[in-house]
Amino acid sequence: MTSVAVVTGASSGIGAATARRLAAEGFHVLAAARRTDRLAALVAEIEAAGGAATAVACDVTSDESVAGLAGAAAALGPVTLLVNNAGGARGLDPVESGSVGDWQWMYDVNVLGTLRVTQALLPALEASGAGTIVVVSSTAGFTVYEGGGGYAAAKHAQTAIAGTLRLELCGRPVRVIEIDPGMVRTDEFGLVRFAGDAERAAAVYAGVAEPLVAEDVADCIAWCATRPQHVNVDRLVVRPLAQAAQHKVHRVG
Ligand SMILES: NC(=O)c1ccc[n+]([C@@H]2O[C@H](COP(=O)([O-])OP(=O)(O)OC[C@H]3O[C@@H](n4cnc5c(N)ncnc54)[C@H](OP(=O)(O)O)[C@@H]3O)[C@@H](O)[C@H]2O)c1
């Protein structure tokens with residue numbers, strides 16, 4: 001039977017690119033997010049390209065919704081891969097004046113979302129005998145920057161989940177892989193961060209010749225997930241050539 005790969009946050013950006021790529025690698029992709037119209041379009045696109053995919057409406061902040069996702073995954077076949085990708089940033093305010101609501105949202109989606117989905121799918125991943133859990137954290141998962149306190153706090157916590165889980169699952173047939181992208185130009189990440197302000201969102205990438213794109217990160221995820229099962233890439237840090245560090249970005253003009 002075809003292996004099932006669950007991808008959260010598959011309605012846009014890195015998640016959608018990962019769903020397309022994993023389908024091309026031969027997985028039956030279970031594409032999860034809240035916006036089902038987008039998921040339906042993605043599934044149609046994957047099927048037209050000869051792949052297999054199924055859409056599931058899922059809000060990773062809801063126990064009930066995530067239980068539904070786990071049920072849908074188990075019904076499709078052996079679940080060997082989970083990509084915890086749903087997440088994002090809200091705001092770029094200093095700690096001094098950051099919105100508690102923004103911090104709460106970032107913690108709920110990035111951290112507790114990853115926890116909830118991982119807990120729900122772990123039994124199926126383990127039962128497959130060859131499971132893999134990918135956590136899409138960020139370079140903000142191991143470094144901080146001004147204005148990024150809430151996002152870095154959430155991504156540090158996601159990184160802590162990945163590291164802890166790898167220790168706890170040692171001896172069981174489930175790999176834990178953390179992907180830490182730097183600057184990735186996706187359509188919505190900046191818009192979500194800046195509450196729909198397209199100009200502010202675009203300014204993040206101003207003068208950067210080639211930021212990463214979603215397909216670059218999907219490529220990293222697919223590469224890690226398709227190594228032989230005994231090979232566990234603990235953590236993969238990937239940035240554009242122009243970004244040597246969070247604070248060191250080469251911009252032209
Ligand atoms: N872009 C970057 O520079 C960058 C860098 C490093 C790490 N990352 C991380 O990579 C991941 C994807 O980022 P992206 O750039 O592709 O952003 P994006 O295009 O905004 O995608 C975020 C995805 O998360 C989903 N999502 C948000 N809240 C959700 C919820 N409550 N339940 C289920 N799904 C939810 C969204 O789908 P719905 O709204 O349809 O639910 C969307 O598909 C995030 O974890 C982000 O932190 C991004």
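Residue numbers run from 1 in the order of the sequence given. Counting convention: from 1, in listed order, for ligands and their atoms alike.
Remark: ligand 1 and Pro181 share no N or O pair separated by less than 3.5 Å (distance only, no angle test). In terms of polar-atom proximity, defined here as any N/O pair under 3.5 Å, Thr61 makes no such contact with ligand 1. Residue contacts with ligand 1: Val60 is placed with a nitrogen or oxygen under 3.5 Å of a nitrogen or oxygen of the ligand (distance criterion only).
Evaluated by nearest non-hydrogen atom to atom 44 (C) of ligand 1, the leading choice among Asp108, Val83, Asn85, Val136 is Asn85. The nearest non-hydrogen atom to atom 22 (C) of ligand 1, considering only Gly15, Gly13, Gly87, comes from Gly87.
Using a 3.5 Å distance cut-off with no hydrogens or angles, the side chains of His28 and Ser3 do not pair a donor with an acceptor. No donor-acceptor contact under 3.5 angstrom links the side chains of Ser128 and Thr80, judged on distance only. Asp93 and Ser99 form no side-chain donor-acceptor contact under 3.5 Å, judged by distance and modelled atom types alone.
The cationic group of Arg90 does not satisfy the cation-pi geometry with Tyr151, failing either the under 6.0 Å distance to the six-membered ring centre or the 45° limit from the ring axis.
In this structure, Gly182 is part of the shell of residues with a heavy atom less than 4.0 angstrom from ligand 1. Not a single heavy atom of Arg185 lies less than 4.0 angstrom from ligand 1. In this structure, Pro211 has no heavy atom closer than 4.0 Å to ligand 1. The closest approach between any non-hydrogen atom of Ala214 and ligand 1 is not below 4.0 Å.
If you check which protein heavy atom lies closest to atom 17 (O) of ligand 1, you get Phe189 CB, 3.9 Å. For atom 31 (N) of ligand 1, the nearest non-hydrogen atom of the protein is Asp59 OD1, 2.9 Å. With hydrogens left out, the protein atom closest to atom 27 (C) of ligand 1 is Arg34 NH2, 3.5 Å, a heavy atom. Here the protein heavy atom with the shortest distance to atom 1 (N) of ligand 1 is Val184 O, 3.2 Å. Among all protein heavy atoms, the one lying closest to atom 13 (O) of ligand 1 is Ile14 CD1, 4.0 Å. In terms of protein heavy atoms, atom 21 (O) of ligand 1 is closest to Ser12 OG, 3.2 Å. Of the protein's non-hydrogen atoms, the one nearest atom 25 (C) of ligand 1 is Gly9 CA, 3.6 Å. Atom 35 (C) of ligand 1 has its closest protein heavy atom at Ala86 CB, 3.8 Å.
Counting all heavy atoms, side chain and backbone alike, Pro240 lies closest to Pro211 at CB-CA, 3.9 Å.
Checked for salt-bridge contact, Glu188 and Arg38 meet the test: a charged N lies under 4.0 Å from a carboxylate O. Classification of Glu25 and Arg20 as a salt-bridged pair fails, no side-chain N sitting under 4.0 Å from a carboxylate O.
Under a 4.0 Å criterion applied to the non-hydrogen atoms of Ser138, ligand 1 contributes the atoms 6 (C), 7 (C). Taking every heavy atom of Ala33 and a limit of under 4.0 angstrom, the matching atoms of ligand 1 come to 37 (O), 40 (O), 41 (O). Close approach to Arg35 involves these atoms of ligand 1, each under 4.0 Å from a residue heavy atom: 37 (O), 38 (P), 39 (O), 40 (O). With ligand atoms numbered from 1 in the order given, ligand 1 contributes 32 (N), 33 (C) to contacts under 4.0 Å with heavy atoms of Cys58.
Its side chain outside the 4.5 Å cluster rule for every partner, Val252 clusters with none of the Ile, Leu, Val, Met, Phe, Trp and Tyr residues.
Between the CG atom of Leu69 and the CZ atom of Arg116 there is a distance of 12.0 Å, given to the nearest 0.5 Å. Atom CD1 in Ile161 sits 8.0 Å away from atom CG in Asn84 (nearest 0.5 Å).
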side-chain hydrogen bond (donor to acceptor under 3.5 Å, both in side chains) between Gln158 and Thr114, intermediate numbers included: CA-CA 7 Å; Gln158 247 188 313; Thr114 294; 3.0 Å; yes

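By the side chain to side chain contact (heavy atoms under 4.5 Å, CB included) test, Glu126 pairs with Arg172, Pro173, Val174, sequence neighbours left out.
Distance alone, capped at 3.5 Å, is enough to place a donor-acceptor pair between the Thr8 side chain and the Ala86 backbone.
Under 4.0 Å from ligand 1, not a single heavy atom of Ala32 appears.
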